[in-house]
Amino acid sequence: MEEAEKTSQPHAGTALAFDFGEKRIGVAIGNLELGLAHPLVTLSNKNKEECLKSIARLMDEWKPVLLVVGLPVHADGAEHELTRRSRRFAHRLQARFGIRTVLEDERYTSISASSALDEASVRGRRQKQVLDQIAAQLILQSYFDQRNAIT
């Protein structure tokens with residue numbers, strides 16, 4: 001799911017991105033041709049089966065050609081438990097839905113998302129409702145930006 005697959009990425013269609021968390025999963029959507037990401041929804045991850053059903057509904061509705069999963073690592077790049085869980089989540093998505101799935105470094109996306117929401121005067125509990133989907137948007141936009149810089 002890493003280097004070799006970067007060369008065979010689709011060039012058109014919808015992409016969904018996921019900011020995986022143990023309690024919530026933020027989801028963003030974007031178009032590969034336009035290279036613009038938008039927040040979509042935050043899913044509860046308390047019940048794994050219900051969460052997968054919600055993701056399946058998103059797959060049916062948006063028909064993505066690519067999935068991007070944020071890969072959390074420490075600032076120095078070292079992996080931790082959530083890194084391993086995010087990798088498992090990405091593998092589970094690819095196996096279940098048969099859609100190419102890539103991992104994207106998500107360092108500082110939650111901090112950036114929180115700062116952006118602060119600037120928009122969205123704070124406290126109101127921020128919690130959308131923080132994960134804004135983080136997913138930043139993950140997907142980072143993927144688009146990196147992809148466009150290469151092409």
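Leu43 contributes atom CG, which lies 9.0 Å from atom CD of Gln133 (distance to the nearest 0.5 angstrom). Atom CZ of Arg100 and atom CG of Leu67 lie 11.0 Å apart (nearest 0.5 Å). We find the SG-CD1 distance between Cys51 and Ile25 to be 3.5 Å, quoted to the nearest 0.5 Å. Rounded to the nearest 0.5 angstrom, Asp19 CG and Glu106 CD are separated by 5.0 Å. Asn45 CG to Phe89 CZ: the interatomic distance, rounded to the nearest 0.5 Å, is 7.0 Å. Note: Thr14 OG1 to Ile29 CD1 = 5.0 Å, rounded to the nearest 0.5 Å.
Pairing each heavy atom of Ala90 with each of Thr101, the nearest pair is O-CG2, 3.7 Å. Taking every heavy atom of both residues into account, Ala17 and Leu140 meet most closely at CB-CB, 3.5 Å. Closest of all the heavy-atom pairs between Leu40 and Trp62 is CD2-NE1, 3.8 Å. Between Glu104 and Ser142, the closest heavy-atom pair is OE2-OG, 3.0 Å.
Of the possible polar contacts, one joining the Gln141 side chain to the Gly35 backbone as a donor-acceptor pair under 3.5 Å is found. Looking only at distances, a side-chain donor or acceptor of Ser86 sits under 3.5 Å from a matching main-chain atom of Leu82. A donor-acceptor pair under 3.5 Å is formed between the side chain of Gln137 and the backbone N or O of Ala37.
Side-chain contact between Val69 and Leu93: present, with at least one pair of heavy atoms (C-beta onward) separated by less than 4.5 Å. By the 4.5 Å heavy-atom criterion applied to side chains, Val65 and Ile99 are not counted as neighbours. For the pair Ser44 and Arg24, the minimum side-chain heavy-atom distance is 4.5 Å or more. Taking 4.5 Å as the limit, some side-chain heavy atom of Leu71 sits within range of a side-chain heavy atom of Arg87.
Put simply, the residue from Ile55, Val68, Ile139 that forms a side chain to side chain contact (heavy atoms under 4.5 Å, CB included) with Phe18 is Ile55.
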### Task
Assess whether salt bridge (charged side-chain N to carboxylate O under 4.0 Å, His left out) is satisfied between Glu81 and Arg85, documenting all intermediate values.
CA-CA 6 Å; Glu81 182 57 30; Arg85 289 180 186 210; 3.2 Å; yes
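By the salt bridge (Lys or Arg N to Asp or Glu O under 4.0 Å) test, Glu61 pairs with no residue at all, sequence neighbours left out.
Annotation for Lys23: atom NZ does not count as buried by contact number, only 12 or fewer foreign heavy atoms lying within 6.0 Å.
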